[in-house]
Amino acid sequence: MNQDRNAGTLRKRPVQKRSVERFERLLDACAELLDEVGYAALTTKEVARRAEVPIGTLYQFFSDREGLIGALAARNLESYLERVADRIEREAPDGVPGVVEVTVDEFVTMRRSITGFGVVDFGAVGQDHILEPVLDNNTAVAGRLRSLTASLTGVQDNTELEIAVRVALECADSLLQLAFRTDPQGDAQLIAECKRVLNSYLSDRLL
């Protein structure tokens with residue numbers, strides 16, 4: 001059994017304005033420190049200090065460091081899905097190629113521009129269940145993307161779509177990791193190959 005199935009959780013979600021501001025400052029500080037010191041060296045004490053928030057306040061929201069990382073990953077995922085949905089609404093891309101273009105481009109843009117995203121995007125190394133305690137990160141993300149894919153392409157939201165989106169996500173995850181290992185800004189040729197692979201696979205599976 002993976003050790004991270006019992007990873008930290010979000011203790012409570014803030015409601016009052018002041019609490020929301022502190023919560024967001026903690027996530028921002030966490031993201032900044034991830035870029036500066038990396039995942040292994042990150043501590044809740046330093047996050048609280050950087051955010052200018054008492055350490056006790058941090059633990060009101062998060063059970064531990066993993067709970068903090070999980071909340072950051074969840075915020076990244078919500079931001080990504082919003083960006084994808086907004087762009088699709090504006091541009092109305094055509095079919096599978098259009099959807100692939102948008103979903104890959106928005107991930108690449110976030111990887112290049114969002115603080116901490118290169119260390120924690122929708123999960124973290126060694127923490128495969130950071131978004132959901134019973135689902136690995138890619139399965140959780142695929143579930144969110146599946147309903148979006150169904151609504152955009154008109155295909156039936158069923159087991160076949162679930163498998164297709166999961167396989168596509170695993171392929172994209174591996175290829176984009178390779179692209180950013182090759183070039184810190186993302187190797188353009190490998191990003192293009194990622195789109196090509198996804199288009200070929202999804203066009204065959206969904207049309």
Side-chain angles (χ1 to χ4, degrees), residues 27-28 31 34-35 69-125 127-128 130-132 135-207:
L27 295 186
D28 291 342
L34 285 169
D35 272 352
I69 292 294
L72 179 62
R75 185 175 76 169
N76 286 340
L77 177 57
E78 292 305 320
S79 177
Y80 172 71
L81 294 172
E82 288 174 7
R83 291 170 68 114
V84 168
D86 288 346
R87 185 170 163 192
I88 286 172
E89 184 177 354
R90 291 195 313 270
E91 299 179 7
D94 185 27
V96 169
V99 174
V100 166
E101 185 80 12
V102 169
T103 53
V104 172
D105 281 354
E106 289 305 316
F107 181 89
V108 169
T109 297
M110 290 184 71
R111 178 65 187 265
R112 289 171 174 166
S113 62
I114 301 298
T115 304
F117 196 80
V119 183
V120 172
D121 45 28
F122 313 134
V125 175
Q127 296 293 337
D128 292 334
I130 206 79
L131 291 170
E132 297 283 348
L135 298 176
D136 65 84
N137 297 329
N138 279 359
T139 299
V141 174
R144 299 292 301 276
L145 286 173
R146 188 181 78 199
S147 58
L148 181 62
T149 301
S151 65
L152 293 171
T153 62
V155 300
Q156 187 175 357
D157 189 355
N158 54 21
T159 302
E160 289 189 8
L161 178 62
E162 179 182 4
I163 294 172
V165 172
R166 179 61 196 275
V167 169
L169 182 61
E170 292 291 345
C171 291
D173 188 28
S174 296
L175 288 170
L176 291 174
Q177 284 188 39
L178 176 61
F180 281 93
R181 283 200 307 271
T182 304
D183 181 339
Q185 288 299 305
D187 182 274
Q189 185 174 3
L190 289 172
I191 292 170
E193 285 300 296
C194 176
K195 294 177 182 178
R196 181 180 178 183
V197 168
L198 295 182
N199 278 326
S200 177
Y201 172 70
L202 289 174
S203 293
D204 179 64
R205 294 289 281 114
L206 301 182
L207 297 180

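Within the structure, the side-chain hydrogen bond (donor to acceptor under 3.5 Å, both in side chains) test picks out the following pairs touching residues 165-174 (sequence neighbours left out): D136-R166, N138-E170, N138-D173, T139-R166, R166-E170, D173-Q177.
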Decide ring pair (Phe, Tyr, Trp, His ring centres under 6.0 Å) for F107 and F180; before the verdict, give the C-alpha distance in whole Å, the side-chain angles of both, and the deciding distance to 0.1 Å.
CA-CA 12 Å; F107 181 89; F180 281 93; 7.0 Å; no
Tell me, with the steps shown, if D28 and R75 meet side chain to side chain contact (heavy atoms under 4.5 Å, CB included).
CA-CA 10 Å; D28 291 342; R75 185 175 76 169; 2.9 Å; yes
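Put simply, CG on D121 and CG on N76 are 7.0 Å apart, with the number rounded to the nearest 0.5 Å. Atom CG of L135 sits about 13.5 Å away from atom CD1 of I130, to the nearest 0.5 Å. To the nearest 0.5 angstrom, L72 atom CG is 6.5 Å from L34 atom CG. Residue L77 holds its CG atom at 9.5 Å from CG of N137, rounded to the nearest 0.5 Å. For the atom pair OG of S200 and CZ of R205, the computed distance is 12.5 Å after rounding to the nearest 0.5 Å.
In this structure, E160 has no salt bridge (Lys or Arg N to Asp or Glu O under 4.0 Å) partners at least two apart in sequence or on a different chain. Qualifying ring pair (Phe, Tyr, Trp, His ring centres under 6.0 Å) partners for Y80, counting only residues two or more places apart in sequence or in other chains: F122. Under the salt bridge (Lys or Arg N to Asp or Glu O under 4.0 Å) criterion, R144 pairs with E78, not counting sequence neighbours.
L169 approaches A142 most closely through the heavy-atom pair CD2-N, 3.6 Å. Closest non-hydrogen pair, G123 versus A73, comes out as N-CB, 3.9 Å. Of all the heavy atoms in L198 and A168, the pair that sits closest is CD2-O, 3.3 Å.
Inter-residue side-chain proximity for L81 and L145 is flagged as met; some heavy-atom pair is nearer than 4.5 Å. The side-chain heavy atoms of S79 and R83, taken from C-beta on, include a pair separated by under 4.5 Å.
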Enumerate donor-acceptor pairs with a distance under 3.5 Å from any side-chain N or O in residues 97-104 to protein atoms, sequence neighbours excluded.
residue	atom	partner	partner atom	Å
E101	OE2	K195	NZ	3.1
T103	OG1	V99	O	2.9
T103	OG1	V100	O	3.1

Compile the donor-acceptor pairs under 3.5 Å between side chains in residues 187-194 and protein atoms, sequence neighbours left out, one pair per line.
residue	atom	partner	partner atom	Å
D187	OD1	Q189	N	3.1
D187	OD1	L190	N	2.9

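In this structure, the side chain of D157 does not engage the main chain of R146 through any donor-acceptor pair within 3.5 Å.
Checking each of R87, R111, R112 against E106 for a salt bridge (charged side-chain N to carboxylate O under 4.0 Å, His left out) leaves exactly one that passes, namely R87.
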